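So the structure is just underneath, and the comments pick up after that.
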Protein chains: 4
Amino acid sequence: MTTESANPRYRSERSHQAILDAALKLCLEQGFAKTSVDAIAKEAGVGKQTIYRWWPSKAAVLVEAIDRASAPSVDFPETGDVLADLRHHMVAVARYFGTDQSSTYREIIGAAQSDPNTAQAILATLVGPRVEGCRRRLERARQQGEIRPDAALDDVVELLYAPLYYRLLLGTRPVTPDQVETILDLLFDGLRPRNPTAPDATTDA
Amino acid sequence: MTTESANPRYRSERSHQAILDAALKLCLEQGFAKTSVDAIAKEAGVGKQTIYRWWPSKAAVLVEAIDRASAPSVDFPETGDVLADLRHHMVAVARYFGTDQSSTYREIIGAAQSDPNTAQAILATLVGPRVEGCRRRLERARQQGEIRPDAALDDVVELLYAPLYYRLLLGTRPVTPDQVETILDLLFDGLRPRNPTAPDATTDA
Amino acid sequence: MTTESANPRYRSERSHQAILDAALKLCLEQGFAKTSVDAIAKEAGVGKQTIYRWWPSKAAVLVEAIDRASAPSVDFPETGDVLADLRHHMVAVARYFGTDQSSTYREIIGAAQSDPNTAQAILATLVGPRVEGCRRRLERARQQGEIRPDAALDDVVELLYAPLYYRLLLGTRPVTPDQVETILDLLFDGLRPRNPTAPDATTDA
Amino acid sequence: MTTESANPRYRSERSHQAILDAALKLCLEQGFAKTSVDAIAKEAGVGKQTIYRWWPSKAAVLVEAIDRASAPSVDFPETGDVLADLRHHMVAVARYFGTDQSSTYREIIGAAQSDPNTAQAILATLVGPRVEGCRRRLERARQQGEIRPDAALDDVVELLYAPLYYRLLLGTRPVTPDQVETILDLLFDGLRPRNPTAPDATTDA
DNA sequence: CTATAACCGAGACGGTACGTCTCGTCTTCGG
DNA sequence: CCGAAGACGAGACGTACCGTCTCGGTTATAG
């Protein structure tokens, strides 16, 4: 795993799993902030040092735990219809963001604001692979003329997922699958008034 | 102020200001996480209890301090050209997000992930008024046919600002004024291939 | 009163009494140590400043309150029989030391160990007058040949009352009227074996 | 030690000693009341928690520290002359009570007035053993006919030491070796007028 | 088949910050 | 213009965690 810092020559797999499980469980029950390393160690039936041996911080433990729990969602579908594929993946993300478990993810991102190492771990382990999957799918879409050829793909990825993170992290509204429709609609069709009516319309059509 | 929790039957204005100043200063110097309430009190020449009397937490102090420091930026310009007005305001935000000072804002949003009260304060005091200003500007733009009449304005606001927050909070790339151009371009013109000069359009359709 | 520090020109007698009453009541209920000046002020329906205006400390308030409550016990009886008079007075003291109320007295003496002003107030207000009364009674007893003419009276007073304070302050055993008998017996008759039996007796007699 | 509250599975002996030393030193310099637990920890180069782990209060630390410093004085001499032995031990106590260091002892006894646990610790650790030594010496004296056979020894011990504590705690006069002479003289010979040269005795009887 | 090196649990350690409490002074305002 | 109410600067309190260190005891490869 990316967040490990030592060579796991003698590492006890039993302890390893127990720690990840305990960490997730406690965070779900009482939140990340109120979950101390001592508590995780106690819950996992493990010495505190065993945690510090393999992870640099509480947050790193949870990055790995979340990664393990959500690993399958990395894959990006490919049906030939980019809109459908994006919708499929984004709805999955939106559903997760609407879950109780997402608050652990939320809190880790929060912690990362004051801890560059955690920020780095989140980016590399959780965000990176998914962004990359999306980017690759968009690349193929661009090759097939489904989207503007001049679009900078990294920016497009941002525009797609940023609104989900915005709601998650600012707590303005709950994240729902509906939001995905709105995003895709606005982003694909643009914000300008549509053809029918005005003179522009004729040029456009 | 929105973040105060008690009825200020009489409070020392001198202490009030000193606390806000000290909090901002220390956060700039050493970060929000490493700034203790004791340190703020010491720096402000104030008893710790005086801070706890008027604010529920360190974060609440900084919400008010940031609000006071950035109050002028609430206003939304109105030139008649919605794209120009949005660009103007968003560039200002992007510039701020690129500043050293933004890391205090970043960290407070981080802290809010584990503290609903802080989240609420940020929303009500810092985000709310600005979002509302933007929404009103968009409303006028819609009335004047500058944007799609069916656009849900809250969603549009999200799409505009979310990418800035995304970079700020996930730390993928620095926030720059350039990003604003990209956002406005993609969002206004849409992601679909453009039709203008015939041939592609036909191929596409 | 000896413990007052200001000229009571405008002093409100109602507040004065209310403070003493409140102080005694709270100390009885929860002990001197847990009784704060704020609490006394609240209980007495008085501003905190009013307490500090007339007394230098919480302890000073209670010295006066206890003095007021126990003032009558200053007088020393005079029946002509010094042993009876001492017994009478000492039994009264012993009874008081066995009371719930004595723990307030106990705690004030405790506080005085770290506060010379309080020590001084206790001595001058509470202990002094009673010791003086006892000393005068002993003086008359000495004149009438009831006690050794060479006895240093201050030392005798000490020997009489010290054992009561010893039990009160060290908490070895409860103070009871019985103790008074023991003290008087041992002190008046001395510790040496009594005449009847041995050869010593003849020398002695 | 009697004042410890936890099972020392393993405790740092270095820290243990450093804490006792620091506590004694600071109390000597600035008094028990003005000596905070933080200050002791700082002075000892120790975490505050380490103090709270092994002692229930600041006072308990000092009970142990004083005990350690004065442990040798527990033994009671035995020369065959009870008066000489008592004088020897009591003079030692009186000298200690006249020392600067005694004010720490004074203040702890003061603190014990509001804290039963401390009172208990003082009794068990400091007072108890010495009282018991004295009692045993008196017991032997009684067997050898040096003192009245009907004397209740606990009461005699009280009468001997109480006057020293009386002066120490009420601060009436300083405790000096002279006081010991007075106590022994009055207590052994009694307060009644002496009969030696006949006439008075008859008058008296 | 040791032995030796790294693991493991438990938890004490030096620290830092927390949020609360009380102190004794200072400020405001109503009667 | 006094007094109730309570805000103020100050600082100790006892608790919670942090991340490191110190224990014995238990694997589990390497000789």
Side-chain angles (χ1 to χ4, degrees), chain A residues 6-16 18 33-42 44-58, chain B residues 6-16 18 33-42 44-54 56-58, chain C residues 9-12 14-15 18 33-42 44-58, chain D residues 6-12 14-16 18 33-42 44-54 56-58:
Chain A
N7 169 24
R9 209 154 67 94
Y10 293 116
R11 171 176 183 133
S12 156
E13 197 50 35
R14 203 167 55 76
S15 296
H16 186 182
K34 296 201 169 177
T35 298
S36 66
V37 175
D38 295 66
I40 296 174
K42 219 87 156 192
V46 136
K48 215 175 2 159
Q49 188 64 243
T50 302
I51 295 180
Y52 283 109
R53 206 188 323 273
W54 304 111
W55 294 276
S57 69
K58 178 175 66 158
Chain B
N7 168 27
R9 219 178 73 106
Y10 69 83
R11 82 143 101 182
S12 158
E13 197 49 38
R14 202 167 58 79
S15 296
H16 186 177
K34 296 200 170 179
T35 299
S36 67
V37 176
D38 292 69
I40 296 174
K42 212 74 123 198
V46 138
K48 215 178 356 166
Q49 191 61 54
T50 301
I51 296 180
Y52 284 110
R53 199 179 343 262
W54 302 112
S57 68
K58 179 175 65 158
Chain C
R9 207 153 65 94
Y10 292 115
R11 168 168 181 144
S12 153
R14 202 167 55 77
S15 296
K34 296 200 168 179
T35 300
S36 67
V37 175
D38 295 65
I40 296 173
K42 218 87 159 191
V46 137
K48 214 173 6 155
Q49 192 58 50
T50 303
I51 295 179
Y52 283 111
R53 207 190 321 278
W54 303 112
W55 293 276
S57 69
K58 178 175 67 160
Chain D
N7 170 28
R9 218 179 73 106
Y10 68 82
R11 83 143 98 182
S12 157
R14 201 167 59 76
S15 296
H16 186 179
K34 297 199 168 180
T35 298
S36 67
V37 176
D38 293 69
I40 296 175
K42 213 74 124 200
V46 138
K48 216 179 354 164
Q49 190 60 53
T50 301
I51 296 180
Y52 284 111
R53 200 181 339 265
W54 303 112
S57 68
K58 179 174 67 159

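In this text, all values refer to a predicted model and were calculated from it rather than measured experimentally. First the proteins, then the strands, lettered A, B, ... as listed; each starts at 1. These numbers come from the heavy atoms of this one structure, side chains and all, not from hydrogens, waters or symmetry mates.
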Starting from the 5' end of DNA chain F, give me the residue, A/D38 or D/A39, whose nearest nucleotide shows up first.
D/A39
Find the distance D/I40:CD1 to F/dG14:P and express it as a whole number of Å.
11 Å
Go through the N and O atoms of the side chain of D/Q49 and the base of E/dC13, and report whether any donor-acceptor pair is under 3.5 Å.
no
Under-4.0 Å side-chain N/O to phosphate OP1/OP2 contact, D/R11 with E/dC13:
no
Phosphate-side-chain proximity, C/W54 and F/dC2, N/O vs OP1/OP2 below 4.0 Å
no
Please give, in whole Å, the distance from F/dC18 P to A/K34 NZ?
14 Å
Closer to the 5' end of DNA chain E via nearest nucleotide, is it A/V46 or D/V46?
A/V46
Return the value, rounded to whole Å, for the distance between atom CD of B/E13 and atom P of E/dT28.
12 Å
Assess whether one donor atom and one acceptor atom, taken from the side chain of A/K48 and the base of F/dG19, lie less than 3.5 Å apart.
yes
Between C/G45 and A/T35, which residue's closest nucleotide on DNA chain F lies nearer the 5′ terminus?
C/G45
Atom pair distance, as rounded to whole Å: CZ in A/R14 and C1' in E/dG9:
11 Å
Main-chain N/O of B/S36 paired to B/K58 side chain as donor or acceptor, under 3.5 Å:
no
Quickly work out the A/Y52 OH to E/dG11 C1' distance and round it to whole Å.
14 Å
Rounded distance in Å - CD1 (A/I51) to C1' (E/dC7)
15 Å
Between C/V37 and D/T50, whichever has its closest DNA chain E nucleotide further toward 5' is D/T50
To the nearest 0.5 Å, what is the distance between NZ (C/K48) and CG (C/D38)?
4.0 Å
Would you say a side-chain N or O of B/S15 is under 4.0 Å from OP1 or OP2 of F/dG9?
yes
Pair B/W54-B/H16, side-chain contact (heavy atoms from CB on, under 4.5 Å): steps then yes or no
CA-CA 9 Å; B/W54 302 112; B/H16 186 177; over 6 Å; no
Expressed as a whole number of angstroms, how long is the span from B/R53:CZ to E/dC21:C1'?
12 Å
Check this one for me: any side-chain N or O of D/S12 less than 4.0 Å away from OP1 or OP2 of F/dT22?
no
Whole-Å gap separating P (E/dG14) and NZ (D/K42):
13 Å
Please find the pair of heavy atoms, one from D/A41 and one from D/G47, that lie closest to each other, and give the distance.
CB-C, 4.2 Å
Please round to the nearest 0.5 Å and tell me the distance separating atom CD1 of D/I51 and atom CZ of D/R53.
11.0 Å
